Amino acid sequence: MIVAKFGGTSVADAAAIGRLAGIVRSRTAERPVIVVSALAQVTDALLALAPVVHAADEQALAAGIGALVDRHATAARDLRGAEGALPAIAADAEALRREVGAAMGQALRPADLDALAGRGEVWSSRLIAAALAGAGLDAVWVDIRPIMLTDDRYGRAIPHMPTLTARARECLRPLVEAGRVPVTQGFIGATANGTPTTLGRGGSDYTAALLGAALDASRVEIWTDVNGLMTADPRIVPSARTLRAASYEEAAELATFGAKVLHPATAQPLVRAGIPIVVLNSTRPDDPGTIIEPSADLERMGDSPVRSISWKRGITVINVRAPRMLGAFGFLRAMFEVFERHEVVVDVLASSEISVSLTVEDRTRLDDVVRDLSELGEVWVDHGRAVVAVVGIGIRSTPGLAARLFRAVQPANVEVISQGASAINMTFVVHEADGPDVVRRLHQEFFGTC
Ligand code: ASP
Ligand code: MG
């Protein structure tokens with residue numbers, strides 16, 4: 001059994017869904033479970049309806065939902081059998097209009113936003129299940145919501161692994177064993193009382209991994225619009241190459257620090273069982289893509305100690321200076337309690353005897369964080385920064401790498417430097433404007449091209 005997940009661009013229109021059908025057919029012997037994202041940009045378009053509801057613009061709401069239904073109808077027109085899905089899509093769209101219509105003139109609550117954002121997956125999966133059936137496959141639409149039990153942190157709900165494992169085995173496995181092809185939704189779930197939730201933007205990868213672990217799949221395929229993980233962002237480094245292989249740790253670090261190909265949590269459910277993830281390009285299905293698997297196999301490959309360079313802009317550095325930190329205990333805990341209280345995620349941290357610098361991406365609660373941190377010491381904030389991460393399992397065992405790295409990065413000013421405990425990344429902060437140049441120079445240093 002395999003789990004194959006198709007992202008938004010791989011289901012964007014009739015042509016893409018036609019390619020998807022070919023890919024699924026080529027895998028029927030491996031008994032695939034299909035997980036799909038919403039059609040490209042549909043999630044954004046759905047979320048853009050929230051301000052329309054707030055403004056009580058009845059007409060714009062109807063037009064917005066109508067346009068999304070049309071988009072599915074247009075794709076269905078060119079796919080044999082797919083039009084059979086349209087009544088269900090239209091009925092669900094009408095239900096959505098009524099649900100959000102009840103909140104006209106109000107700001108949608110987080111639970112309403114999740115119910116709204118998750119509709120794209122419901123519609124795409126209906127359309128694709130019908131298209132696969134029309135292409136002669138024994139496809140069956142499965143609603144993931146009763147399987148994917150989550151807590152009620154709307155917008156980034158946390159799945160309950162034991163329950164979803166039991167339910168996936170109970171609901172999906174018999175279908176697969178009967179030779180059928182289940183088609184289900186990424187990204188969405190529901191609480192114990194059935195309220196819809198989402199796992200966070202880009203969460204369909206994570207759904208695929210959760211199901212892969214639950215069903216003990218032999219691999220999880222992530223079908224996207226690039227050839228896999230790369231040595232750098234090709235828009236910045238035109239000569240960037242596709243990685244044939246990466247470890248779970250490398251994939252997670254790269255995803256956390258800016259590589260957009262995979263959701264950062266994807267590897268997490270698969271580590272214990274050692275189930276590989278393969279990232280593949282749905283427009284070039286015969287290309288090998290990137291295989292992400294336990295690192296033991298990679299140590300033997302012995303290529304460059306650095307596997308990839310990623311970067312992320314829009315970073316804010318928060319610095320806290322507190323002389324009383326010297327020799328005191330409990331200071332870091334007090335500091336992290338502030339971040340925990342305001343639910344702000346810290347990416348990179350570096351500390352000296354009397355000061356700590358941390359990077360954050362989300363600025364919505366920054367004022368609250370700074371106010372509370374000011375009780376612990378002097379606080380100042382640097383905006384407009386970027387985090388650059390050099391990632392590779394070989395970094396752990398290669399002396400002299402830091403010297404090469406900092407020589408390559410000159411003359412850019414490097415601010416916060418950190419090496420994670422896993423020692424597979426070296427991360428530092430530069431001014432945003434220097435980011436692309438720094439990435440190019442590092443690529444030149446470690447891969448010989450830029
Ligand atoms: N459709 C969702 C999003 O745009 C989930 C995903 O594509 O993975 O975030
Ligand atoms: Mg994605």
Side-chain angles (χ1 to χ4, degrees), residues 3-13 16-17 20 33-50 64 68 71-72 75 89 92-93 96 110 113-128 143-145 148 150 153-159 183-190 196-212 220-230 233 251-252 254-270 277-283 289-290 292 310 312 361-362:
V3 175
K5 175 260 172 177
F6 293 84
T9 50
S10 301
V11 298
D13 51 25
I17 296 170
L20 174 153
V33 172
I34 310 303
V35 174
V36 296
S37 292
L39 273 51
Q41 268 103 53
V42 166
T43 312
D44 288 335
L46 284 164
L47 286 168
L49 295 174
L68 290 173
R71 184 132 171 242
H72 292 76
I89 293 172
D92 190 68
L96 172 67
L113 285 172
D114 268 9
L116 176 64
R119 252 30 192 245
E121 272 69 12
V122 175
W123 302 340
S124 66
S125 58
R126 289 269 186 204
L127 181 68
I128 290 155
D143 186 347
I144 201 71
R145 288 166 291 189
M148 189 62 64
T150 73
R153 284 178 211 222
Y154 298 104
R156 51 187 161 135
I158 299 182
V183 178
T184 195
Q185 306 82 36
F187 183 50
I188 61 175
T197 55
T198 67
L199 308 184
R201 295 304 305 268
S204 294
D205 298 335
Y206 188 37
T207 304
L210 290 164
L211 293 180
V220 173
E221 294 184 343
I222 303 289
W223 289 90
T224 179
D225 55 357
V226 294
N227 269 354
L229 296 176
M230 301 192 73
D233 181 345
L254 290 172
T256 304
F257 292 112
K260 289 267 164 25
V261 182
L262 268 190
H263 186 277
T266 312
Q268 193 188 296
L270 303 171
I277 306 166
V278 193
V279 182
L280 294 151
N281 186 339
S282 62
T283 65
T290 301
I292 300 163
S310 64
K312 188 158 77 170
E361 203 181 353
D362 177 6

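It should be emphasised that the depicted structure is a prediction, and the values quoted were computed from it without experimental measurement. Counting starts at 1 for both ligands and their atoms, in listed order. Sequence positions, counted from 1, serve as the residue numbers for this chain.
No salt bridge links Lys312 with Asp233; every basic N to acidic carboxylate O contact stays at or beyond 4.0 Å.
In this structure, CD in Gln185 is found 10.0 Å from CD1 in Ile128, a value given to the nearest 0.5 Å.
Scanning Ala208, Gly8, Ser37 for the heavy atom closest to atom 7 (O) of ligand 1 points to Ser37.
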Open item on the list: Under the criterion side-chain contact (heavy atoms from CB on, under 4.5 Å), I'd like the reasoning laid out for Asp92 against Trp123: C-alpha separation, chi angles, the key distance, then a yes or no.
Closed with: CA-CA 8 Å; Asp92 190 68; Trp123 302 340; 2.8 Å; yes
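By the 4.0 Å heavy-atom criterion, Gly7 is excluded from the residues contacting ligand 1. Ligand 1 has at least one atom lying under 4.0 Å from a heavy atom of Gly203.
Of all heavy-atom pairs between Val35 and Ser204, the closest is CG1-O, 4.2 Å.
The parts of Ser204 lying near ligand 1 are both backbone and side chain, judged by heavy-atom distances below 4.0 Å. For Glu121, every heavy-atom contact with ligand 1 shorter than 4.0 Å involves the side chain, none the backbone.
Closest protein heavy atom to atom 3 (C) of ligand 1: Arg201 NE, 3.3 Å.
For the residue pair Asp114 and Thr198, a side-chain donor N or O sits within less than 3.5 Å of a side-chain acceptor on the partner.
Not counting sequence neighbours, the partners of Asp205 by the salt bridge (Lys or Arg N to Asp or Glu O under 4.0 Å) test are Lys5.
The N/O atoms of Phe187, backbone and side chain alike, include none that comes under 3.5 Å of an N/O atom in ligand 1.
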